[in-house]
Chemist: 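To start, I am sharing the structure in question, which I have written as structure tokens.
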Number of protein chains: 2
Amino acid sequence: MSAAGDGTVGKALDVLDLVAAQEKPIRFAELQRMSVLPKATLYRLAQTLVNQGMLVHNPENGTYSLGVRLVRLAHAAWRQASLAPIARRHLDSLSVDTGLTVHLAQMDYGHVLYVDKRNALEPAAMFTDAGKVAPAYCTGVGKAMLAFLDADELDQILGMQSFHRFTPTTLASEAVLRQSLERTRARGFATDREEHEAGVICVAMPILSEEERVLGAVSLTGSTLRTDLKSLEAHIPCLRQCVEAIAEEASHWAFPVEGNETGGRLG
Amino acid sequence: MSAAGDGTVGKALDVLDLVAAQEKPIRFAELQRMSVLPKATLYRLAQTLVNQGMLVHNPENGTYSLGVRLVRLAHAAWRQASLAPIARRHLDSLSVDTGLTVHLAQMDYGHVLYVDKRNALEPAAMFTDAGKVAPAYCTGVGKAMLAFLDADELDQILGMQSFHRFTPTTLASEAVLRQSLERTRARGFATDREEHEAGVICVAMPILSEEERVLGAVSLTGSTLRTDLKSLEAHIPCLRQCVEAIAEEASHWAFPVEGNETGGRLG
DNA sequence: AACGATGTTTCATTATTTGGAACATCAGAA
DNA sequence: TTCTGATGTTCCAAATAATGAAACATCGTT
């Protein structure tokens, strides 16, 4: 996943990723099987990470899991490195006005990273979706962002896509996707016709800075059981208002110090 | 905060913490002023962290902020290292039944770490509270957990407390706090009488494993404008039911592999 | 043009990381 | 019990990677 490891720090973070990829706490022996690092090295790295609170070691059964220090760091990351704090109130009203589920996403090295969510029906838990990643090529928010990237940025990111066919309607090749992106750019919004998950459809619009840089995207999601694309598209004006409001606020936001104009910083 | 840095990795994570502590993206020069590391070392570490996606560098104004990779990692941490996924549905119903704001917290090196929340009134955003830390000695969840720790664990954690007086009712000394903890243990629940924030009161109960180990705590919070402690205490039976349900599920949870009995792993 | 402040690179020195291998610990089988 | 295989922990000389003072570059200001 991450590029060739720079030095010790890179290796340590690779170990962290390995543990993170696991469903359950993991034994040292298992870790060793998955890692290319020699036993002693891996052992010392894990020890260091435990010392630092990034990993937790359960002595009773000798397993490693991610440490709570990460949750703390992530809170800070979410606060200062995502659009979520800015978008907060706008997502609230969009969710209330439409009665639909709302997602806020940003681009993260070729993948879609969900940074916030409003669930109109059930009371929403907190981390359940923020932090999740999804492919860019088959999600509404992903396609909304792709459609408005520079040509070279797009090329780079398309090269990273797997084009796995999740459902019969998945756009499973670069050519087909590029066609779809053109339509998306022309219309100003993207759709997801059960392309990632059967029964789930959505419409999505990008959040664009004043200089037309892609900052993120917002989507309205529905189930095919309760709604259809036509009905979702009826909410496009609401959605447009929302993304424009976020963009506006993001432009004013950009750090007052030094009087610069930069809006979003994302991968 | 974190102990004497082990090696390069420790230093790198210290840099990460420095950036995380900042309200806004930070310049290199500022970073250097706050760090004891020599310029070149600090520079290279920051570079490495950027390479690794842990930091983001905005070239337009030369600022560093936390990277989105952290949000991804935190999602995994939340999933596998916190009680939140287990407690999810129980917090939902507690919130619905009582109509109150619900917090789920765990202990994190002497501090209270909030890992989930239900806000009965407004639609709840996601990271806004999960990941936040608060002192243990003046919060409901903190006192609920402290009251049920082993003597030596308690001693260790009390040594870390600042006993800063946030409000007139803050228990601002170890002696007074210890008295309060005894009452808490006797009653089985803790209260917060505006001890951390004026106008905010709560009742809280610990989540205890079968072996009586403290796994976390759940609280019901209210405003003095709308309610009082007596009314909150009326919900104690609901709260008790909730923490017992979580404890029960946590005990069944503990990793099926290897047939061990361990429940919670926390700092 | 000269200045001060911030950001970036260099390179010989030094300290840290490295990893093969020995050692330790434990559970189950004979 | 003793043996055996698997897992976890420690050692230490060799190799590598981190170090940091200082030089250099870049920019905005006077």
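Just so we're on the same page: letters track the sequence lines, and every chain starts at 1.
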Chemist: Give me the first and last nucleotide of DNA chain C, going 5' to 3', that has any atom under 4.0 Å from a heavy atom of chain B.
Modeler: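 Nucleotide range with atoms under 4.0 Å of chain B: C:dT6 to C:dT17.
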Chemist: Given B:Gln52, which partner from the list A:Asp14, A:Asp6, A:Asp17 fulfils the side-chain hydrogen bond (donor to acceptor under 3.5 Å, both in side chains) test?
Modeler: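 Result: among A:Asp14, A:Asp6, A:Asp17, A:Asp6 is the only option passing the side-chain hydrogen bond (donor to acceptor under 3.5 Å, both in side chains) with B:Gln52.
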Chemist: For A:Phe28 and A:Thr8, find the nucleotide of DNA chain D closest to each by heavy atoms; which residue's nucleotide sits nearer the 5' end?
Modeler: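 That would be A:Phe28.
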Chemist: Partners of B:His196 by ring pair (Phe, Tyr, Trp, His ring centres under 6.0 Å), sequence neighbours excluded?
Modeler: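 Ring pair (Phe, Tyr, Trp, His ring centres under 6.0 Å) check on B:His196 returns B:Phe166.
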Chemist: May I ask you to decide whether A:Asp116 forms a salt bridge with A:Arg88, counting only side-chain N to carboxylate O separations under 4.0 Å?
Modeler: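 So A:Asp116 does not pair with A:Arg88 through a salt bridge.
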Chemist: Restricting to salt bridge (Lys or Arg N to Asp or Glu O under 4.0 Å), what partner residues turn up for B:Asp150, sequence neighbours left out?
Modeler: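 Expected list: none.
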Chemist: What's the shortest heavy-atom distance between A:Gly188 and A:Pro206, and which atoms?
Modeler: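 Result for this residue pair: O-CD, 3.9 Å.
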Chemist: Take atom CD in B:Gln47; do more than 12 heavy atoms of anything else shown fall under 6.0 Å from it?
Modeler: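 Yes.
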Chemist: So where does chain A start and stop touching DNA chain D, 5' to 3', when the test is distance under 4.0 Å to a non-hydrogen atom?
Modeler: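 Here the contact window of chain A covers D:dT7 to D:dA18.
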Chemist: Is it true that a side-chain atom of B:Glu174 and a backbone atom of B:Leu158 form a donor plus acceptor pair closer than 3.5 Å?
Modeler: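 Checking the backbone N and O of B:Leu158 against the side chain of B:Glu174, no donor-acceptor pair under 3.5 Å is found.
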Chemist: Are side-chain N/O atoms of A:His90 and A:Gln241 paired as donor and acceptor at under 3.5 Å?
Modeler: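 No pair is found: no donor N or O on one side chain lies under 3.5 Å from an acceptor on the other.
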Chemist: Does anything in residues 37-44 of chain A reach DNA chain C, meaning a heavy atom under 4.0 Å, and if so which residues?
Modeler: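 Of all residues in residues 37-44 of chain A, the ones placing a heavy atom under 4.0 Å from DNA chain C are A:Pro38, A:Ala40, A:Thr41, A:Arg44.
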Chemist: Got a sec, which residues hit salt bridge (Lys or Arg N to Asp or Glu O under 4.0 Å) with A:Arg89, two or more places apart in sequence or on another chain?
Modeler: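 Partners of A:Arg89 under the salt bridge (Lys or Arg N to Asp or Glu O under 4.0 Å) test: none.
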